[in-house]
Amino acid sequence: MATVRSLISAEQIATRLVALAGDIQQCYGEQTFTLLCVLKGSFIFAADLIRQLPTRVEIQFVTASSYVGTQSSGHVHCDAWDATALRGKHVLIVEDIVDTGTTLRHLQQQLQPVGVASLKVAALLTRTQATAPAPDFSGFALGDEFVVGYGLDLDQKYRSLPYIGVVEP
Ligand code: IMP
Ligand code: MG
């Protein structure tokens, strides 16, 4: 495997997550809410985030994909899932990275007819160039670089890296 240059260390991620969870908790107060973990990229972020939140917080999963290699295909595919399970719930979409926002828009469209109580977004990474609406909770801003690690992949590899980095050519 190629080497990966670290961009955001495991320690930086852990520190930021505590603050992010604090912001989220402050926003929801005593209310019960449901994390909607967007697989596969968000599985580590969601697992670490939920362990910083109260035990009443629920979690659901959706598998969405739009990337081929380092390029967005522009089309989002969601594996079969039951969006109606979220009816009446306060939903917090948990995304690894908001890039073009295509995935988010697709999920928002799927959730709209369901009738969720509220819909917010937490993203570990947000591209500074993103044309999408800014997430309600964002971990780190990111430039143009294609990153891997902490759940994010390049052709399904590198997800297990504890830090976020760039694959060196
Ligand atoms: P969007 O639909 O263009 O916002 O893209 C969002 C999805 O593309 C993310 O949830 C990731 O799965 C994937 N993605 C975008 N940029 C990267 C990257 O730098 N590394 C790994 N995956 C990425
Ligand atoms: Mg994703």
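By convention here, the first residue in the shown sequence is residue 1. Ligands are counted one by one from 1 in listed order, and the atoms in each one are counted from 1 as well.
Residues V121 and Q108 form a side-chain contact, since some pair of their non-hydrogen atoms from C-beta on lies under 4.5 Å apart. Proximity of F33 to V57: side-chain heavy atoms (C-beta onward) are separated by under 4.5 Å at one or more points. Side-chain contact between K120 and C27 is present, with at least one heavy-atom pair separated by less than 4.5 Å. Two residues are said to be in side-chain contact when any heavy atoms from C-beta on lie closer than 4.5 Å; I8 and Y150 fail this criterion. At least one side-chain heavy atom of I93 sits less than 4.5 Å from a side-chain heavy atom of L119.
Rounding to the nearest 0.5 Å places CD1 of I164 at 8.0 Å from CG of L142.
Residue L142 places no N or O, backbone or side chain, under 3.5 Å from any N or O of ligand 1. Checking only distances, V147 does come within under 3.5 Å of ligand 1, N or O to N or O.
Residue contacts with ligand 1 for V148 are absent, since no atom lies close enough (heavy atoms, distance under 4.0 Å).
Counting atoms of ligand 1 from 1 in the listed order, those under 4.0 Å from a heavy atom of T102 are 1 (P), 2 (O), 4 (O). The atoms of ligand 1 that sit less than 4.0 Å from any heavy atom of E95 are 10 (O). Atoms of ligand 1 lying under 4.0 Å from at least one heavy atom of D153, given by number and element, are 21 (C). Counting atoms of ligand 1 from 1 in the listed order, those under 4.0 Å from a heavy atom of T100 are 1 (P), 2 (O), 3 (O), 4 (O).
Residue I97 holds the heavy atom nearest to atom 23 (C) of ligand 1 of all those in D144, I97, D96.
At a 4.0 Å cut-off, not a single heavy atom of K40 sits close enough to ligand 1 to count as contact.
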Before giving the answer on side chain to side chain donor-acceptor pair (under 3.5 Å), spell out for S65 and H77 the whole-Å C-alpha distance, their side-chain angles and the decisive distance to 0.1 Å. CA-CA 5 Å; S65 50; H77 171 80; 5.7 Å; no
